[in-house]
Amino acid sequence: RVAELHPDLVDRWDLRSQRVIAAELAIAGLESGQPPRVHVKPVPRFPSIERDVAAIVEESRPAADVQAAIERHAGPLLESTWPFDLYRGAPLAENEKSLAFRLVFTSPERTLTEAEIDAAMEAVRNGLATDLGARVRT
């Protein structure tokens, strides 16, 4: 909306200009003039541990299926997972691709042990093989 203030208002408010134009703009993404809410998390007291896994799957298999299988089998210590690489080519077969994911494990109560992470990664490897027929690339 754009409008000009009536000259009587300009005189009454003793504005320095003879003409004053006012506008109201609705711009998508500005959240009605409010800054976006900031979500903060406290800095973790205990370190997280990152591991990568690359699964060789059929070319037609969506990455979301692989990520869902990882999250289903990794256990409660898994904090996040995201894809970071897609590979096609030798030595993989024509109908195969390799999808690599970064897994982040953490606990709010303690430092995790290598044995816990090794067990979670073994569960992920077994789950990928069982659910998707995937091979883990080494």
Side-chain angles (χ1 to χ4, degrees):
R1 299 178 197 182
V2 178
E4 182 177 352
L5 289 181
H6 193 278
D8 291 344
L9 280 176
V10 173
D11 288 341
R12 189 176 326 148
W13 290 345
D14 196 26
L15 298 175
R16 293 182 187 166
S17 178
Q18 291 181 350
R19 296 181 70 193
V20 176
I21 306 295
E24 177 182 329
L25 303 175
I27 300 174
L30 287 184
E31 308 275 337
S32 301
Q34 299 294 319
R37 291 196 188 277
V38 176
H39 300 283
V40 296
K41 295 189 316 187
V43 175
R45 184 170 174 213
F46 300 100
S48 60
I49 297 175
E50 295 181 357
R51 292 289 184 270
D52 295 341
V53 64
I56 300 170
V57 295
E58 296 172 1
E59 179 66 41
S60 61
R61 174 74 63 186
D65 288 358
V66 179
Q67 187 167 1
I70 291 169
E71 292 171 353
R72 197 168 36 254
H73 293 284
L77 299 176
L78 183 68
E79 177 182 285
S80 63
T81 180
W82 66 90
F84 69 89
D85 187 45
L86 166 63
Y87 177 78
R88 294 178 177 104
L92 303 179
E94 187 77 18
N95 65 338
E96 292 181 321
K97 65 183 174 185
S98 172
L99 296 166
F101 291 82
R102 168 90 20 101
L103 287 68
V104 179
F105 296 92
T106 191
S107 170
E109 291 115 22
R110 60 191 168 71
T111 300
L112 300 175
T113 65
E114 284 296 320
E116 289 173 305
I117 301 306
D118 290 345
M121 291 303 295
E122 184 64 24
V124 166
R125 285 188 287 275
N126 291 338
L128 287 169
T130 302
D131 293 2
L132 308 177
R135 301 186 322 271
V136 173
R137 199 168 101 191
T138 55

- Task: Quick one: do Asp65 and Val57 satisfy side-chain contact (heavy atoms from CB on, under 4.5 Å)? Show the steps, please.
- Result: CA-CA 10 Å; Asp65 288 358; Val57 295; over 6 Å; no
- Message: Using salt bridge (charged side-chain N to carboxylate O under 4.0 Å, His left out), reason through Glu122 and Arg51 one step at a time and then give a plain yes or no.
- Response: CA-CA 12 Å; Glu122 184 64 24; Arg51 292 289 184 270; over 6 Å; no
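Taking the side chain as every heavy atom from C-beta outward, Val124 and Leu78 never approach each other to under 4.5 Å.
Hydrophobic clustering, with ILVMFWY side chains joined whenever heavy atoms are under 4.5 angstrom apart, groups Leu99 together with Leu128. The cluster map of Ile, Leu, Val, Met, Phe, Trp and Tyr, joined by side-chain heavy atoms under 4.5 Å apart, puts Val20 and Trp13 in the same cluster. By the criterion of side-chain heavy atoms lying less than 4.5 angstrom apart, applied directly or through intervening Ile, Leu, Val, Met, Phe, Trp or Tyr residues, Val104 is not grouped with Ile49; the two fall into different hydrophobic clusters.
Distance check, rounded to the nearest 0.5 Å: CG of Leu103 to CH2 of Trp82 gives 9.0 Å. For the atom pair CD of Glu4 and CZ of Arg19, the computed distance is 4.0 Å after rounding to the nearest 0.5 Å. Atoms CZ and CG, from Phe105 and Leu112 in turn, are 9.0 Å apart once rounded to the nearest 0.5 Å. From Glu114, atom CD reaches atom CD1 of Ile117 across 7.0 Å, with rounding to the nearest 0.5 Å. Distance CG/Asn95 to CG/Leu92: 9.5 Å, rounded to 0.5 Å. Annotation: the span from Arg45 atom CZ to Ser107 atom OG amounts to 11.0 Å, rounded to 0.5 Å.
At distances below 3.5 Å, not a single donor-acceptor pair connects side-chain atoms of Gln67 with backbone N or O atoms of Pro83. At distances below 3.5 Å, at least one donor-acceptor pair connects side-chain atoms of Lys97 with backbone N or O atoms of Arg61. Checking side-chain atoms of Thr113 against main-chain N and O of Glu116 turns up a donor-acceptor pair under 3.5 Å.
Closest non-hydrogen pair, Arg125 versus Asp118, comes out as NH2-O, 4.3 Å. Between Thr81 and Glu71, the shortest heavy-atom contact is CG2-OE2, 2.6 Å. Listed here is the closest heavy atom pair of Thr106 and Phe46: OG1-O, 4.1 Å. What you find for Val10 and Ser17 is that their closest heavy atoms are CG1-O, 2.9 Å. For the pair Val66 and Leu132, the tightest heavy-atom approach, listed with the atom from each and the gap, is CA-CD1, 3.7 Å. Considering every non-hydrogen atom in both Asp52 and Met121, the closest pair reads O-CE, 4.0 Å.
The salt bridge (Lys or Arg N to Asp or Glu O under 4.0 Å) test with Glu96 is passed by exactly one of Arg135, Arg88, Arg137: Arg135.
Shown here is Glu59, whose CD atom has more than 12 heavy atoms of other residues, nucleotides or ligands within 6.0 Å.
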